[in-house]
Amino acid sequence: MVAEREQWGSRIGFILAAAGSAVGLGNIWKFPYLVGENGGAAFIILYLICVLIVGLPVVIAEILIGRTAQKNPVGSFRKLSNGNPFWMGVGALGVFTGFIILSYYNVIAGWSLGYVVESIKGSFQNLESPTMAGELFTQLSSSGQWAVLFHGLFMILTMGIIYCGVTKGIEKASKIMMPILLVLIIILVIRGVTLKGAKAGITYLVKADFSVITTKTVLLALGQAFFSLSLGMGALLTYGSYMSKKVNLPSSALSIVILDTLIALLSGFMIFPALFAMGLKPAQGPSLIFNILPVMFNSIPGGYFFRIFFFLLLSVAALTSTISLLEVITSFIVDEFHISRKKTAIIFSCIVFLLGVPSALSYGSWSSFKIFGLTFFNLADFLAANIFLPLGGIFIAIFVGWFWGIKNALPHLKEGAEKFPNYCSNIWSFLIRFVAPVLILLVFLSCLGII
Ligand code: PFF
């Protein structure tokens with residue numbers, strides 16, 4: 001007998017689990033440094049446009065595929081395309097992308113776990129400037145032992161949760177941790193914007209200078225929208241496959257997108273005013289939050305505890321994302337090869353761990369090992385976020401908009417959302433059929449120098 005597929009306990013449970021997948025290092029670690037490297041407000045505006053006209057419609061499409069088929073990415077495309085090998089390949093590309101992202105994402109998640117331990121040890125107490133924090137970061141991240149140790153520990157945490165099954169653990173944890181994360185970020189935003197000299201940082205975030213924008217910036221903004229929304233590789237599809245057909249899909253999708261975008265913007269306001277107040281340049285790269293935040297806490301009463309708490313929450317935010325990445329792989333193996341969830345979780349965590357080791361060493365002994373001029377870590381990130389995810393996004397849009405077809409998709413979309421207004425379905429259908437695929441394609445071609 002085939003075991004019945006697990007389902008989320010409630011609508012809010014689904015929203016928070018999917019938002020848990022979306023909100024993570026992408027919002028707090030990556031978004032601020034991309035903003036810092038790509039012109040501040042102008043990048044933010046581009047990002048918001050990408051989220052609105054491409055991100056949201058594709059979020060709806062991806063969850064819809066999963067909820068309708070109730071299967072993993074490959075199984076879902078197989079079911080809805082009647083076994084068309086091309087579309088099954090698209091599902092497989094998603095699972096493969098999950099592997100790559102998890103391998104380096106888990107390394108940074110490991111850094112944040114390592115920072116919890118360092119915070120408890122008091123390593124940041126006497127740091128007076130971000131330069132000193134930067135030196136400590138370099139020392140830690142370039143230590144192969146430290147980076148690999150915490151990469152391994154984080155992988156064990158991720159495996160543990162997937163091993164036990166998802167719904168109860170993630171749903172419960174997300175319900176408690178997400179609101180706390182939000183409150184903590186708000187406290188830090190208030191601290192940041194009230195620092196002396198913070199104004200320049202606020203200006204940087206609201207005053208757009210479009211002269212710095214190139215097509216590469218557009219690709220980065222689009223890639224970040226996909227990365228941040230966990231889009232284009234079947235994570236939302238997989239979570240959608242555990243969703244009841246009674247739940248209102250479009251409004252849930254909107255809540256996920258709003259929550260994710262809000263936390264990314266707040267993270268910007270948490271970091272940049274403080275950064276300018278400390279007299280630093282915005283283009284700090286991936287070490288940005290690890291240089292600024294530890295020092296920022298030294299100017300807050302009770303900073304010692306806040307710092308521990310912050311890195312703990314950052315780790316939790318990362319954990320609710322790593323789980324969703326491993327769940328994509330797990331659901332694929334369990335559905336397609338009938339291997340038990342427990343075995344799959346153990347075996348594939350080990351594989352992903354090994355794949356992540358070169359990324360973990362990219363800041364230390366392997367830093368001079370470059371492919372196409374990029375370290376292993378940067379290459380994995382660039383390929384996954386800027387190539388595979390948008391590519392997955394094009395295919396999802398074409399699949400729903402043209403192959404499966406809006407006519408077939410709409411009745412499923414309206415299940416649980418009977419009052420979804422017609423003009424909204426029309427806008428969604430236009431965005432998913434024309435805007436999303438064409439825009440992603442144009443950005444790709446122009447980056448490749450073809451147009
Ligand atoms: N959305 C996550 C973040 O912003 O940190 C990263 C991510 C998770 C990407 C899950 C893709 C995914 F499937």
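Note that the coordinates shown come from a computational prediction; the quantities given were computed from them, not determined experimentally. In each ligand, atom 1 is the first atom listed, and ligand 1 is the first ligand listed.
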* Asked: Distance only, no hydrogens: is a donor on one side chain within 3.5 Å (strictly under) of an acceptor on the other, for Thr217 and Thr214?
  -> yes
* To do: State, without any angle test, whether Ser228 and Asp260 hold a side-chain donor-acceptor pair at a distance under 3.5 Å.
  => yes
* Excluding sequence neighbours, so at least two apart, what forms side-chain hydrogen bond (donor to acceptor under 3.5 Å, both in side chains) with Arg191? -> none
* Asked: Among Phe395, Phe403, Trp402, whose ring pair (Phe, Tyr, Trp, His ring centres under 6.0 Å) with Phe399 holds?
  -> Phe403
* How would you list, by chain and number, the residues with a heavy atom under 4.0 angstrom from ligand 1? -> Ser21, Ala22, Gly24, Leu25, Gly26, Asn27, Tyr105, Phe227, Ser228, Ser230, Met233, Ala235, Ser321, Ser324, Leu325
* Asked: Which pairs count as salt bridge (charged side-chain N to carboxylate O under 4.0 Å, His left out) when at least one residue sits in residues 104-117, sequence neighbours excluded?
  -> none
* Residues in ring-ring contact (aromatic ring centres under 6.0 Å, His included) with Phe154, at least two apart? -> none
